[in-house]
Amino acid sequence: MIEFFFDCSSPWTYLAFHNIQPLVKELGAEIIWRPILVGGIFNTVNPSVYAQRETPVPLKARYMKKDLADWSRSAGLAIKMPPTVFPVNSVKVMRGCIWLGKDMVPFATAVFETYWGGDKDISQDVVLAEICRKVGVDEQKFFAGISEQAIKDQLKANTEEVVARGGFGSPTIFVGKTDMYFGNDRLPLIREALERNKASAA
């Protein structure tokens, strides 16, 4: 079993979200999608992210831009970094993922594409309504659903849980309950972990 804690406001999460799905399908693993608010994680345990944005290391920033472009090309994804609105308030889209439950993947995919590929502000209701229509979600029910206290509480609980389990950003991926991996570039290690587990269970 894989747990994938994610926030659509991260380009590296977009890559991992895209790349892990064929991997999981190939190896016959089960994936549980766990929406979080990465800003809540940064505020709690990783405030250095904000300092890095305010005073970036030029050489590192230049390389990270190239690195993201390389990974995007490899995955066949369009990612504009930074988008016009960055960072973006993703609370509504992540509540939407919670509300949709098992049906969240098409919605989350459209959110990633809209924000990172289409450069649209996913915090805006008009953009969210467009996404809902694109994936066949009733927009009135969507906006009512993301306003429910239980949905808000679940997003907060997921965020607190990943921190309690050692997470410090998005995506945070667990193989089993304790084997944690961070980031898109750890997928080869996740493959090895899944293959080891499969072999030991045989």
Side-chain angles (χ1 to χ4, degrees), residues 1-41 44 77 88-118 120-167 169-182 184 187 190 194:
M1 182 188 72
I2 293 175
E3 291 176 276
F4 190 96
F5 289 86
F6 74 103
D7 186 324
C8 293
S9 66
S10 156
W12 302 105
T13 302
Y14 183 14
L15 287 161
F17 179 90
H18 174 84
N19 289 332
I20 201 170
Q21 293 185 64
L23 170 61
V24 168
K25 185 176 181 181
E26 176 192 340
L27 297 178
E30 178 189 2
I31 189 161
I32 299 173
W33 304 102
R34 306 292 303 277
I36 57 172
L37 273 183
V38 75
I41 295 177
T44 305
L77 298 177
V88 71
N89 185 334
S90 61
V91 65
K92 289 181 180 178
V93 297
M94 301 321 297
R95 286 177 185 167
C97 288
I98 295 277
W99 178 73
L100 285 162
K102 292 181 179 179
D103 299 321
M104 76 175 74
V105 171
F107 174 78
T109 300
V111 169
F112 279 122
E113 291 171 350
T114 299
Y115 182 51
W116 294 107
K120 294 185 178 180
D121 183 355
I122 55 171
S123 70
Q124 299 301 309
D125 287 356
V126 64
V127 175
L128 292 176
E130 288 176 8
I131 294 170
C132 285
R133 289 192 294 271
K134 180 179 180 181
V135 297
V137 172
D138 185 304
E139 59 193 86
Q140 290 187 333
K141 290 181 180 178
F142 174 87
F143 287 112
I146 65 173
S147 298
E148 294 173 7
Q149 192 60 47
I151 299 300
K152 297 176 181 179
D153 291 345
Q154 187 60 58
L155 183 59
K156 184 171 185 284
N158 285 0
T159 304
E160 291 174 348
E161 179 185 337
V162 73
V163 170
R165 291 169 65 181
S170 173
T172 298
I173 305 160
F174 288 90
V175 178
K177 284 292 182 183
T178 58
D179 191 11
M180 188 181 89
Y181 299 86
F182 173 69
N184 169 68
L187 293 186
I190 292 171
L194 291 172

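Quick note: residue numbers are just sequence positions, from 1. Please read these numbers as outputs of a predicted model, since none were measured by experiment.
Closest approach of V135 and P106 over heavy atoms only: CG1-O, 3.6 Å. Of all the heavy atoms in A110 and I131, the pair that sits closest is CB-CG2, 3.8 Å. Heavy atoms only, all atoms of each residue included: V88 and S9 are closest at CG1-CB, 3.8 Å. Residue F107 comes nearest to C97 through the heavy atom pair CD2-SG, 3.9 Å, listed as atom of the first residue, atom of the second, then distance. A pairwise comparison of heavy atoms in R165 and M180 identifies O-SD, 4.1 Å as the closest pair. Of all heavy-atom pairs between P171 and A16, the closest is CG-CB, 3.7 Å.
When side chains are defined from C-beta on, V137 counts as touching W99, because their heavy atoms get closer than 4.5 Å. Between T159 and D7 the shortest side-chain heavy-atom distance does not fall below 4.5 Å. Within the 4.5 Å cutoff, side-chain heavy atoms of P35 are placed close to those of F6. In this structure the side chain of W116 never reaches within 4.5 angstrom of the side chain of L77, judged on heavy atoms. Considering only heavy atoms from C-beta on, T13 comes within 4.5 Å of F4 through its side chain.
Of the inter-residue distances, the one linking I190 atom CD1 with N19 atom CG reads 10.5 Å to the nearest 0.5 angstrom. Interatomic distance, L37 CG to C8 SG, rounded to the nearest 0.5 Å: 10.5 Å. Atom CD of E30 and atom CD of E3 lie 9.5 Å apart (nearest 0.5 Å). Distance check: L15 CG to L187 CG gives 9.5 Å after rounding to the nearest 0.5 Å. To the nearest 0.5 Å, the span separating NZ on K92 from CG on L128 amounts to 6.5 Å. Note that the CD1 atom of I2 and the CZ atom of F174 stand 12.5 Å from one another [nearest 0.5 Å].
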Going through the checks in order, is the side chain to side chain contact (heavy atoms under 4.5 Å, CB included) test met by D138 and C132? CA-CA 7 Å; D138 185 304; C132 285; over 6 Å; no

Evaluate the criterion side chain to side chain contact (heavy atoms under 4.5 Å, CB included) for residue pair N158 and V162; output intermediate values, then yes/no. CA-CA 6 Å; N158 285 0; V162 73; over 6 Å; no

For a side chain to side chain contact (heavy atoms under 4.5 Å, CB included) check, start with the C-alpha distance between V38 and S10, then their side-chain angles and the critical distance, and finish with the verdict. CA-CA 8 Å; V38 75; S10 156; 5.8 Å; no

Yes or no on side chain to side chain contact (heavy atoms under 4.5 Å, CB included) for R95 and E148, after CA distance, side-chain angles and deciding distance? CA-CA 9 Å; R95 286 177 185 167; E148 294 173 7; over 6 Å; no

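Within 6.0 Å of NZ in K141 there are 12 or fewer heavy atoms belonging to other residues, nucleotides or ligands. Heavy-atom contacts from other residues, nucleotides or ligands closer than 6.0 Å to CD of Q140 number 12 or fewer.
Between F112 and Y14, the ring planes are parallel. Angles under 30° get that label, and only those over 60° would be called perpendicular.
A salt bridge links E160 to K156: one of the charged nitrogens lies within less than 4.0 Å of a carboxylate oxygen.
Distance alone, capped at 3.5 Å, places no donor-acceptor pair between the T114 side chain and the K120 backbone.
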